[in-house]
Amino acid sequence: DTGVSQDPRHKITKRGQNVTFRCDPISEHNRLYWYRQTLGQGPEFLTYFQNEAQLEKSRLLSDRFSAERPKGSFSTLEIQRTEQGDSAMYLCASSSPSFLWTYTFGSGTRLTVV
Amino acid sequence: AQTVTQSQPEMSVQEAETVTLSCTYDTSESDYYLFWYKQPPSRQMILVIRQEAYKQQNATENRFSVNFQKAAKSFSLKISDSQLGDAAMYFCAWRPTGGSEKLVFGKGMKLTVNP
């Protein structure tokens with residue numbers, strides 16, 4: 001297993017456009033988490049899944065944000081009508097109780113909204 | 001609300017010396033996990049060390065060890081024999097044992113290792 005993969009690594013988009021990011025977790029992990037990290041800050045929780053069920057969403061996740069994990073494997077995070085304030089690094093992590101909650105992070109997708 | 005505070009935004013250490021990174025947290029939970037993550041310039045967050053609050057023994061991973069003071073809600077990371085590859089952002093994080101599984105992170109601290 002090569003760890004948590006995120007695609008794309010970088011995304012530049014115009015304000016108002018929709019963007020979608022993908023995360024492929026470690027296959028044995030049934031939990032998948034999305035975080036957002038802005039410059040000089042620690043990651044902020046957005047949402048997480050246990051298998052295909054979305055169990056928690058942060059108040060940071062406005063109506064323009066939606067996340068899915070349709071088959072309990074990969075996940076997508078979509079941002080509609082992007083705003084400049086959405087510019088950030090979007091991190092994905094996976095974990096599992098059977099792996100002693102060692103959260104493994106991907107390299108992230110850096111979003112720039114121009 | 002649970003918070004994690006890393007009061008030192010930057011630190012530097014000479015290669016081969018020891019450095020201690022501080023972290024405090026605020027929670028009313030009695031059982032939880034604490035983590036230190038490293039984020040090198042390549043961006044990927046890497047788990048350095050993990051501590052369960054119910055364990056009195058401080059966690060150790062090779063050159064990395066923690067000083068966990070539950071009553072003081074303090075969780076510091078000691079790096080011994082610092083190496084150039086230790087240079088990175090370091091984040092302290094917390095989550096409860098039960099309930100929400102989200103990690104709550106501090107703002108991070110930039111460690112520079114001088115040759």
Side-chain angles (χ1 to χ4, degrees), chain A residues 2-10 23-26 29-51 53-61 67 88-111, chain B residues 1-10 21-25 29 31-55 59 61 64 75 77 88-111:
Chain A
T2 56
V4 177
S5 300
Q6 291 189 247
D7 185 69
R9 291 290 297 270
H10 302 273
C23 172
D24 287 88
I26 291 173
H29 289 179
N30 63 356
R31 263 74 159 184
L32 187 148
Y33 308 81
W34 285 100
Y35 288 82
R36 182 171 69 185
Q37 185 178 23
T38 53
L39 201 61
Q41 301 293 320
E44 295 175 296
F45 170 78
L46 293 177
T47 188
Y48 86 91
F49 295 84
Q50 178 178 334
N51 299 315
Q54 189 173 19
L55 296 188
E56 187 175 350
K57 292 196 296 185
S58 164
R59 281 172 287 182
L60 292 174
L61 215 65
M89 177 75 77
Y90 290 84
L91 297 172
C92 177
S94 69
S95 186
S96 173
S98 56
F99 285 80
L100 302 180
W101 297 113
T102 52
Y103 293 70
T104 303
F105 283 81
S107 295
T109 294
R110 179 165 295 284
L111 174 66
Chain B
Q2 287 80 8
T3 57
V4 176
T5 302
Q6 295 178 251
S7 56
Q8 304 152 302
E10 289 192 48
L21 286 57
S22 64
C23 172
T24 58
Y25 56 94
E29 302 275 350
D31 210 5
Y32 44 86
Y33 301 104
L34 292 160
F35 306 81
W36 277 100
Y37 276 90
K38 168 185 176 182
Q39 189 176 39
S42 64
R43 302 181 301 179
Q44 188 168 15
M45 303 272 281
I46 301 166
L47 177 66
V48 175
I49 201 163
R50 173 181 170 279
Q51 174 84 40
E52 290 123 322
Y54 72 87
K55 290 186 176 179
E61 289 286 342
F64 300 88
F75 184 61
L77 174 69
M89 287 292 295
Y90 284 81
F91 293 93
C92 180
W94 172 98
R95 63 149 283 189
T97 303
S100 176
E101 297 179 7
K102 68 182 182 187
L103 291 176
V104 177
F105 284 87
K107 287 188 174 182
M109 192 224 68
K110 181 179 179 182
L111 179 67

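So you know, we letter chains A, B, ... as the sequences are listed, proteins then strands, and number each from 1.
- Between B/Tyr37 and A/Phe105, the closest side-chain pair of non-hydrogen atoms falls below 4.5 Å.
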* To do: For side chain to side chain donor-acceptor pair (under 3.5 Å), just list the numbers for A/Gln37 and B/Gln39, CA-CA rounded to whole Å, side-chain angles, deciding distance to a tenth of an Å, and then say yes or no.
  => CA-CA 12 Å; A/Gln37 185 178 23; B/Gln39 189 176 39; 3.1 Å; yes
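- Taking all atoms of both residues into account, the shortest heavy-atom contact from A/Tyr33 to B/Glu101 is OH-OE1, 2.9 Å.
- Per-residue counts of heavy-atom pairs under 4.5 Å with chain B were compared for A/Ser107, A/Gly40, A/Pro43, A/Gly42; the largest is that of A/Pro43.
- Closest approach of B/Gln44 to A/Gly106, counting heavy atoms only: CG-O, 3.9 Å.
- Side-chain atoms of A/Tyr35 come within 3.5 Å of backbone atoms of B/Leu103 as a donor-acceptor pair (strictly under, hydrogens ignored).
- A donor-acceptor pair is defined here as one N or O able to donate and one able to accept, closer than 3.5 Å; no such pair exists between the side chain of A/Tyr103 and the backbone of B/Lys102.
- Using a 4.5 Å cut-off between heavy atoms, A/Arg31 touches chain B through its side chain atoms alone.
- Between the side chain of A/Glu56 and the backbone N or O of B/Ser100, no donor-acceptor pair lies under 3.5 Å.
- Ranked by heavy-atom pairs shorter than 4.5 Å toward chain B, the options A/Arg110, A/Arg9, A/Gln6 are led by A/Arg9.
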